[in-house]
Amino acid sequence: MVAVVPKPTLQTVFELLFQAYGPQNWWPGDSPFEIMVGAVLTQNTSWTNVEKAIGNLKQARLLTPQKIIASHHKSLATHLKPSGYFNIKTKRLKSFCQWLLNQGGEMALARRETEKLRIELLSVHGIGPETADDILLYALDRPVFVIDAYTRRIFQRLGLIGGDEPYEQLRKMFEQGLGTDIALFNEYHALIVLHGKDICRKQPRCEQCCLQSFCSVSAA
DNA sequence: ACCCAGGGTCATA
DNA sequence: TATGACCATGGG
C-alpha cells in the first residue's frame with residue numbers, strides 16, 4: 001500500500017512556510033541598482049560570496065552603471081573575484097549596465113510595461129529568465145514570480161509539478177494560481193530559497209519539515 | 001577530498 | 001529538443 005499524500009494549494013504552502021520562517025524582507029541591498037547587480041552575481045553562487053564582491057564594488061565606489069562600464073575588465077574582475085565566474089560575470093555585468101544606460105537609466109525603466117521589459121532583459125547577454133525575474137520583482141517591483149531550482153525541487157516533492165517543465169510554464173502556473181500580488185511573490189520566493197537551503201536538500205526525509213504532511217518523500 | 005551554491009551560454013547530436 | 005561542458009570561489 002502506498003500512502004496517499006494530499007496535495008496542498010500554492011496558498012497553503014506559502015502559509016506553512018511563512019508560519020515556519022516568518023517574513024524575510026528580501027532582497028538584501030541598499031538600492032535597486034545594487035539588487036540588480038546582486039541578481040547577476042548570484043548566478044549559481046552562494047549569497048555570502050556575492051556580498052563580498054558587492055562590498056568590494058562599494059569600497060571602490062564602482063556601484064554605478066557608468067563606473068562599471070568605464071572599468072577595465074581586469075580591474076573589475078578582481079573586485080568580482082569572490083563571487084566566482086569572475087571573467088564571465090565581468091562581461092555580464094558590463095552588458096547589463098550598458099543596456100541599462102541605453103534604456104535611459106534606472107528611472108526610465110519605471111515607465112516600461114512589465115512584459116516588454118522582460119523581453120528586453122532576456123535579450124541582454126548573460127541575463128536568463130531567473131535573473132530577469134529577480135530584477136523585475138525585487139528591483140523594479142513587478143508582479144513576476146521567480147522560478148529556481150529550489151522551487152522545482154520543493155514543489156516536485158509536494159506532487160504539484162513534475163519538476164522538468166519549462167521555466168515559463170511554471171512561472172505562469174504560480175502567477176495564475178496566486179493572483180497578482182507583488183508582496184506575496186516577493187516573500188514566497190524568499191521563503192522557498194530559505195526552505196530549500198535549510199532543509200529540503202540537507203535532510204531528504206524531512207522529519208522536521210514544515211511541509212512534511214504534504215511531502216511525498218517523507219511519506220514514502 | 002567531495003559537493004554545491006539564490007544560472008546561463010555554447011557546442012554537439 | 002535535449003543533454004553535457006564550462007565557468008570559479010568559498011563554505012559545509
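On a predicted model such as this, the values are computed, not experimentally measured, just so you know. Just the heavy atoms: all of them, side chains too, but no hydrogens, waters or symmetry mates, feed the values below. Here is the naming used below: chain letters follow the sequence lines, and residue numbers restart at 1 for every chain.
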Among residues 14-26 of chain A, which contact DNA chain B at a heavy-atom distance under 4.0 Å? A:W26
In chain order, what residues pass the salt bridge (Lys or Arg N to Asp or Glu O under 4.0 Å) check against [X], with sequence neighbours excluded?
{"X": "A:D30", "value": "A:K58"}
{"X": "A:E165", "value": "none"}
{"X": "A:E51", "value": "none"}

ring-ring contact (aromatic ring centres under 6.0 Å, His included) with A:W26: which residues, sequence neighbours excluded? A:Y138, A:H189
List the residues meeting ring-ring contact (aromatic ring centres under 6.0 Å, His included) with A:Y188, not counting sequence neighbours, and say none if there are none. A:F14, A:F145
Taking pairs as Watson-Crick (N1-N3 plus N6-O4 or O6-N4) or G-U wobble (N1-O2 and O6-N3), each distance under 3.5 Å, the stems of three or more consecutive pairs with DNA chain B are B:2-5 with C:9-12, B:7-13 with C:1-7
Rounded to the Å, how far apart are [X] [atom1] and [N] [atom2]?
{"X": "A:L41", "N": "C:dC7", "atom1": "CG", "atom2": "C1'", "result": "14 Å"}
{"X": "A:K81", "N": "C:dG10", "atom1": "NZ", "atom2": "P", "result": "7 Å"}
{"X": "A:K197", "N": "C:dG11", "atom1": "NZ", "atom2": "P", "result": "14 Å"}

Excluding sequence neighbours, so at least two apart, what forms side-chain hydrogen bond (donor to acceptor under 3.5 Å, both in side chains) with A:T12? A:T9
Does A:Q98 have any side-chain hydrogen bond (donor to acceptor under 3.5 Å, both in side chains) partners at least two apart in sequence or in another chain, and if so, which? A:N102
Heavy atoms only, 4.0 Å cut-off, all strands: where does A:R153 land among base, sugar-phosphate and nothing? sugar-phosphate
Give each protein N/O atom lying under 3.5 Å from an N/O atom of nucleotides 7-9 of chain B, with the pair distance.
{"unit_1": "B:dG7", "atom_1": "OP2", "unit_2": "A:N44", "atom_2": "N", "d": "2.9"}
{"unit_1": "B:dG7", "atom_1": "O5'", "unit_2": "A:N44", "atom_2": "N", "d": "3.1"}
{"unit_1": "B:dG7", "atom_1": "O4'", "unit_2": "A:N44", "atom_2": "N", "d": "3.3"}
{"unit_1": "B:dG7", "atom_1": "O3'", "unit_2": "A:T131", "atom_2": "OG1", "d": "3.4"}
{"unit_1": "B:dG7", "atom_1": "O6", "unit_2": "A:N44", "atom_2": "ND2", "d": "3.4"}
{"unit_1": "B:dG8", "atom_1": "OP1", "unit_2": "A:G128", "atom_2": "N", "d": "3.0"}
{"unit_1": "B:dG8", "atom_1": "OP1", "unit_2": "A:G128", "atom_2": "O", "d": "3.0"}
{"unit_1": "B:dG8", "atom_1": "OP1", "unit_2": "A:P129", "atom_2": "N", "d": "3.3"}
{"unit_1": "B:dG8", "atom_1": "OP1", "unit_2": "A:E130", "atom_2": "N", "d": "3.3"}
{"unit_1": "B:dG8", "atom_1": "OP1", "unit_2": "A:T131", "atom_2": "N", "d": "3.0"}
{"unit_1": "B:dG8", "atom_1": "OP1", "unit_2": "A:T131", "atom_2": "OG1", "d": "3.0"}
{"unit_1": "B:dG8", "atom_1": "O4'", "unit_2": "A:R92", "atom_2": "NH1", "d": "3.4"}
{"unit_1": "B:dT9", "atom_1": "OP1", "unit_2": "A:G126", "atom_2": "N", "d": "3.1"}

Would you list the atom pairs, donor with acceptor, under 3.5 Å between side chains in residues 117-131 of chain A and any protein atom, with sequence neighbours excluded?
{"unit_1": "A:R118", "atom_1": "NE", "unit_2": "A:D133", "atom_2": "OD1", "d": "2.7"}
{"unit_1": "A:R118", "atom_1": "NH1", "unit_2": "A:E168", "atom_2": "OE2", "d": "3.1"}
{"unit_1": "A:R118", "atom_1": "NH2", "unit_2": "A:D133", "atom_2": "OD1", "d": "3.4"}
{"unit_1": "A:R118", "atom_1": "NH2", "unit_2": "A:D133", "atom_2": "OD2", "d": "3.0"}
{"unit_1": "A:R118", "atom_1": "NH2", "unit_2": "A:E168", "atom_2": "OE2", "d": "3.0"}
{"unit_1": "A:S123", "atom_1": "OG", "unit_2": "A:E120", "atom_2": "O", "d": "2.6"}
{"unit_1": "A:T131", "atom_1": "OG1", "unit_2": "A:Q43", "atom_2": "NE2", "d": "2.9"}

Members of residues 47-54 of chain A that approach DNA chain C, where some heavy atom sits under 4.0 Å away: A:N49, A:K52
